[in-house]
Amino acid sequence: MKKILIVSGHTDMNDSVANKAILAKFAEKLPESRCVYLDKLYPDFKIDSKAEQEKLVWADIIILQFPVFWFSMPSLMHRWMEDTFLHGFSHGYTGNKLHGKKLILSYTTGAPIEALDFDAFFQNIKAACSFCGMEYAGSISTGSVSYAMRQEPGQMDAILRKADAHAQRLIELVHQL
Ligand SMILES: Cc1cc2nc3c(=O)[nH]c(=O)nc-3n(C[C@H](O)[C@H](O)[C@H](O)COP(=O)(O)O)c2cc1C
């Protein structure tokens with residue numbers, strides 16, 4: 001059984017619809033997976049590097065789940081990466097702890113997904129992945145789940161349906177690995 005770690009980079013899950021629903025569905029279908037809610041653990045952005053490294057070491061598959069903020073991952077997830085992927089752990093002469101692990105990007109956007117080449121924004125993550133000896137295993141994305149849409153009649157249901165389909169695609173990708 002592959003060990004799956006899903007890291008949620010949303011900065012405020014209390015104000016999330018899509019990411020919350022994706023994570024709930026994923027946990028329901030794959031209860032043996034582990035989920036790290038960065039906003040709950042680190043509202044002050046003070047990352048416990050050792051604890052986070054231990055979770056990464058445990059995992060075979062690492063999923064980064066996040067809403068796109070300013071064409072990138074949220075600041076909290078970036079901070080988590082900066083404080084966890086450290087020299088001697090993930091890279092450097094003795095830094096081989098992430099070697100062979102698989103990385104999936106799973107993200108949501110306010111804009112329609114076809115509006116922009118969102119995957120192109122994540123070249124940096126793919127480069128970091130390869131730098132650390134990890135295998136980039138692809139991305140799952142869902143667009144048109146903006147804050148503005150939540151106010152429109154019937155759109156809340158549409159967002160939840162999209163989140164459900166997103167979780168299903170993510171599960172299928174995990175099963176292929
Ligand atoms: C600070 C901020 C920046 C955002 N930047 C983008 C962006 O660059 N592109 C985009 O399509 N959506 C952007 N959005 C919209 C979010 O991606 C969208 O609200 C989120 O994916 C919805 O997920 P949630 O329901 O889990 O919060 C931004 C939202 C916020 C709050």
Closest non-hydrogen contact found for S146 with G110 is CB-CA, 3.8 Å
Separation between CG of L41 and CG of D48, rounded to the nearest 0.5 Å: 9.0 Å
Nearest-0.5 Å distance, OG1 of residue T108 to CD of residue Q65: 6.5 Å
Could you tell me how the ring of F118 sits relative to the ring of Y107: parallel (under 30°), tilted (30 to 60°) or perpendicular (over 60°)? tilted
Residue pair H87 / G92: nearest heavy atoms and the distance that separates them: NE2-CA, 3.5 Å
Where the side chain of Q53 meets the backbone of T84, is there a donor-acceptor pair that is under 3.5 Å apart? yes
Taking every non-hydrogen atom, the tightest pair across G9 and M77: N-CE, 3.5 Å
Working to the nearest 0.5 angstrom, can you tell me the gap between H99 NE2 and E135 CD? 13.0 Å
Please answer: with hydrophobic residues joined when any side-chain heavy atoms are less than 4.5 Å apart, are F69 and M81 in the same cluster? no
Euclidean distance, H78 NE2 relative to F45 CZ, rounded to 0.5 Å: 12.0 Å
Any chance you could measure M134, atom CE, to L103, atom CG, to the nearest 0.5 Å? 4.5 Å
On a heavy-atom basis, which atom in L160 and which in A21 lie closest, and how many Å separate them? CD2-CB, 3.9 Å
If every non-hydrogen atom of V68 is compared with every non-hydrogen atom of T109, which pair is closest and at what distance? CG2-CG2, 3.6 Å
Less than 3.5 Å apart, which donor and acceptor atoms pair up between the side chains of residues 122-132 and the rest of the protein, not counting sequence neighbours?
none

Residues forming a salt bridge (charged side-chain N to carboxylate O under 4.0 Å, His left out) with R34, sequence neighbours excluded: none
pair L64-W80: side-chain heavy atoms closer than 4.5 Å: yes
Should the pair E52-K55 be classified as a salt bridge under the 4.0 Å nitrogen-to-oxygen rule? yes
Indicate, with yes or no, if W70 and Y147 share a hydrophobic cluster defined by side-chain heavy-atom contacts under 4.5 Å among Ile, Leu, Val, Met, Phe, Trp and Tyr. no
Output yes when K2 and D60 qualify as a salt bridge under the 4.0 Å nitrogen-oxygen rule, no when they do not. no
Exercise: identify the closest heavy-atom pair between V145 and M149: N-SD, 4.0 Å
Does the side chain of F66 come within less than 4.5 Å of L105's, by heavy atoms? yes
Would you find a donor on one side and an acceptor on the other, under 3.5 Å apart, between the side chain of K29 and the backbone of Q168? no
Can you list, by chain and residue number, the hydrophobic cluster partners of I140 when the side-chain cut-off is 4.5 Å? I4, I6, M13, L23, F26, L30, Y37, I61, I63, I104, L170, I171, L173, V174, L177
Evaluate whether atom OH of Y93 has more than 12 neighbouring non-hydrogen atoms of other residues, nucleotides or ligands under 6.0 angstrom away. no
If we ignore angles and hydrogens, is there a donor and acceptor under 3.5 Å between the side chains of N19 and S8? no
Do the side chain of S49 and the main chain of D83 share a donor and acceptor less than 3.5 angstrom apart? yes
Given side chains that start at C-beta, do those of L56 and L98 come closer than 4.5 Å, heavy atoms only? yes
Just verifying a value: how many Å separate M73 CE and F121 CZ, rounded to the nearest 0.5 Å? 14.0 Å
So, the side chain of K20 versus the backbone of D15: is there a donor-acceptor pair under 3.5 Å, distance only? no
